[in-house]
Amino acid sequence: MIGTIRKALYAIENNTVLSAIKKGFLLVIPVVLTGSFALLLLNFPAAAYQDFLAAFGGGILVSFLNFIIDSTTGFLSLYLVLAISYFYSDALAGENFTLRIVSMVAACACFIASFGGEGGSLTLSCFGTTGVFTAMVCSVLATRLFFALDLGAFRRYRSYSAGNDIHFRSSMSAILPVAVCIVVFAVGNLLLQKLFHVGNLNDLISGLLFRAFGGLRQEPGNGVVFLLLLDLLWVFGIHGGNALDPVAQTVFADGASAGVISKSFLDNFAVLGGSGATLCLVLALLIVSRQKGSRQLAYSAAPLALFNINEILVFGLPVVLNPVLAVPFILTPIVSMLVSYAAVISGWMPAVQATVNWTTPVFFSGYLATGSWKGSAVQLVTVALGTLIYLPFVRLSEHIQEGREDYLIHELTAHFRDLEQSGERPRYLERNGSLGIIAKGIVSQLRTDVRADSIPVFYQPQVDADGRVVGAEALLRWEFGGSRLYPPLVVALAQEDGCFQDLTWSILNTVCRDIPALRRQFGADVHVSMNIVADQLDNQTFTERVIHLSEELGVCQNLVLEVTEETSLANLPNITANIERFGACGIVLAIDDFSMGQTSLNYLRNNRFRYVKLDGGLVLQVLENSRSREIIGSITALGNSLGFQVIAEFVESGDIRDALLELGCTMFQGYLYSPAVPLAELLSFALPAVLTDEGGGPNRPPPAPGM
């Protein structure tokens, strides 16, 4: 069951439409919150405060706050069209950012066209909460139509106008697709008017929503249906409060003719803390959550939840597209409404007598709405009951989230390994799907650990033909969420994020500080290598910093910088000078994975590298592949002639070691001797008593490469 939910979450997050809508609402949260704060300040329920607002500057503060509200939530639908289209066009536009912008403009034009025509009524209110549904529909359909036309039917008829500006030419090529999109939506709006006798798509959608309440008695069926629909929209990333505001204003209008369940009744007794009764969710998180991030989010959301503002919690936790938290999110407001309704029908609590703005703080609003302390008491009961409903779902959600994180890490690692085999270099932080989400989470934690200088470094011993430890390789063994990550993936994410240099310095600091302990244990000549990339070897600032640190700690003669051979060194201008600078102070260099890369033999001829590590693929094939044996023999012979030492890694069995000895290789690294271990274990290293297939490691999993 839990596994099914995890897979469902994975599928939902990778659905382009749902993901775009969710991220669109996330993008406009600052706008929504700004408008909500302005509305809160405008309607704060204190008589002295309201008198101050009205009197100050002849009402200038009231006008200012209204202007803020109009410019934020008043144009919410238009902002949503741009935001949703922006994310939905990501995969369709590729790297053509100009085309992406044009598609957003086209979606806006189509949205506006959907309100026009004969009988249509295009007013400023269409751009506010009234048009939220239309905004979602238009942003997805218009963007999809635009790219279908631009990349399909009009590809061969694009207008490549004269001009040197590529953005101008790209914009001009989109003229026909944009024009057709606008015409299609305008014609569609006219058809709606003729066939369904409505002014626009929004009127049609609103009419369908009203019908959901038409066949029910107002007490309390309409309330249940309204809350169910309201919170269900939120679960799918749709701002239910804005989308259903016209329904609430009409079906549940406040006033003398209203029944027990009015809009103020729902605002003050059903959706405490915002839609989903999220004040109860905040309390549940503070009581049972074991995840530091969730608790911090709850602390941040608590003050806003008291004023019924819940966007940060709903989108930040998230509740959106979360099938576990969706259950209490929908159930709790319905239970709260029914409990409050029963309190009124039984005569214990007075019915709502006054219209209280939705931003009025919880408990205070109950008293103002009913004119009795009993209103606040009922709110207290419903908050306690709602918190109890949320508690088990919060624990279950966190349990699933922990396993889901492992699942996504597995998916990310498998995807990275596949691309690694083909030589591709993915960019995960630019992705919007679940792989992008987990990659961003990994990088965020990695940055934190780098700043705290808490990156774990393990050491794999390097042993000579006599079984003596003569060196070690420092390897990155970083964990995320309790799982050890594939080191090349960590390195790739650090390089993409830009924190790779800081990661390198964290590892280098650890290595340099560990070398004295290794010297005491294995002798003054022991060497410790760590991996760097060719670009760093070409960087003069990097060179000077390494030299300064190693000289300060007195470890120059023991430090080895191991450069991967996947990148050519020939075209990097400062390589030779920097290698000589390192050599002058005693720091030596090694080539990693030699024979399969692009390193020029010229560097070996000039003795610029002290060690050469054989490519692991060659070593693993030494027993059954004669060509691999010949290559290894040639490299070791070359080493004897040019004065560099050959190190074989991935030595997994005694047979492999013996074959390498016959070919002239006398330094080994691999599971036959030891995997990478923490410093304390390496210091107590003892050579296995029996170096055979039984005593070694041919049946162990191959060691993960590292930094």
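In this text, all values refer to a predicted model and were calculated from it rather than measured experimentally. When a residue number appears, it is its place in the shown sequence, counting from 1.
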Handout entry: Test: Glu544 and Arg581 ion pair at under 4.0 Å
Key =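 A salt bridge links Glu544 with Arg581.
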Handout entry: Salt-bridge contact Glu398-Arg395 (side-chain N to carboxylate O under 4.0 Å)
Key =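 Salt bridge between Glu398 and Arg395, a charged N being under 4.0 Å from a carboxylate O: yes.
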Which heavy atom of [X] sits nearest a heavy atom of [Y], and at what distance?
X: Pro426; Y: Leu419; result: CB-CD1, 3.4 Å
X: Ala590; Y: Val560; result: CB-CG1, 3.8 Å
X: Gly24; Y: Phe87; result: N-CD1, 3.8 Å
X: Leu493; Y: Ala439; result: CD2-CB, 4.0 Å
X: Leu549; Y: Cys512; result: CD2-SG, 4.1 Å
X: Cys499; Y: Leu446; result: SG-CD2, 4.1 Å

Side chain of [X], backbone of [Y]: donor and acceptor closer than 3.5 Å?
X: Ser289; Y: Leu286; answer: no
X: Arg629; Y: Val622; answer: yes
X: Ser397; Y: Leu325; answer: no
X: Ser653; Y: Ile656; answer: yes
X: Arg477; Y: Arg484; answer: no
X: His527; Y: Val470; answer: yes
X: Lys440; Y: Leu429; answer: yes
X: Ser454; Y: Asp449; answer: yes
X: Ser674; Y: Gly670; answer: no
X: Ser641; Y: Ala637; answer: yes

Indicate whether the side chain of [X] and that of [Y] have a donor and an acceptor atom separated by less than 3.5 Å.
X: Asp453; Y: Ser506; result: yes
X: Tyr486; Y: Glu420; result: yes
X: Glu473; Y: Gln460; result: no
X: Gln536; Y: Thr504; result: yes

Hey, are the side chains of [X] and [Y] touching, using non-hydrogen atoms and a 4.5 Å cut-off?
X: Ser529; Y: Gln462; value: yes
X: Thr413; Y: Leu485; value: no
X: Val646; Y: Leu614; value: yes
X: Leu618; Y: Phe650; value: no
X: Leu672; Y: Glu652; value: no
X: Phe668; Y: Ile647; value: no
X: Leu559; Y: Val588; value: no
X: Tyr459; Y: Leu475; value: no

Calculate, to the nearest 0.5 Å, the distance between atoms [atom1] and [atom2] belonging to [X] and [Y] respectively.
X: Ile442; Y: Leu489; atom1: CD1; atom2: CG; value: 6.0 Å
X: Leu663; Y: Thr636; atom1: CG; atom2: OG1; value: 6.0 Å
X: His415; Y: His410; atom1: NE2; atom2: NE2; value: 13.0 Å
X: Asn539; Y: Gln501; atom1: CG; atom2: CD; value: 6.0 Å
X: Ile579; Y: Thr543; atom1: CD1; atom2: OG1; value: 9.5 Å
X: Asp514; Y: Arg519; atom1: CG; atom2: CZ; value: 12.0 Å

Practice task
Could you check Val450 against Ile455 for side-chain contact (heavy atoms from CB on, under 4.5 Å), going step by step and ending with a plain yes or no?
Solution key: CA-CA 6 Å; Val450 167; Ile455 299 297; 3.9 Å; yes
Practice task
Take Phe458 and Leu682 through the test side-chain contact (heavy atoms from CB on, under 4.5 Å) and record every step on the way to the result.
Solution key: CA-CA 9 Å; Phe458 283 26; Leu682 179 60; over 6 Å; no
Problem - Derivation of the side-chain contact (heavy atoms from CB on, under 4.5 Å) call for Ile437 and Leu408 - result: CA-CA 9 Å; Ile437 292 172; Leu408 291 179; 5.7 Å; no
Practice task
Examine Trp505 together with Phe542 and report whether their ring centres are nearer than 6.0 Å.
Solution key: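 They qualify: ring centres under 6.0 Å apart.
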Practice task
Count the heavy atoms belonging to other residues, nucleotides or ligands that lie under 6.0 Å from CZ of Arg295, then report whether that count exceeds 12.
Solution key: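 It does: Arg295 CZ has more than 12 such atoms within range.
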Exercise for the section: Determine, stepwise, if the pair Asn558 / Asp525 fulfils side-chain contact (heavy atoms from CB on, under 4.5 Å). Expected result: CA-CA 7 Å; Asn558 306 99; Asp525 295 332; 5.9 Å; no
Exercise for the section: Could you tell me how the ring of Tyr428 sits relative to the ring of Phe416: parallel (under 30°), tilted (30 to 60°) or perpendicular (over 60°)? Expected result: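 Answer is tilted, since the angle falls between 30° and 60°.
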Handout entry: Ring-face cation of Arg468 near Phe522 (centre distance under 6.0 Å, axis angle within 45°)
Key =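 No, a cation-pi geometry is absent between Arg468 and Phe522.
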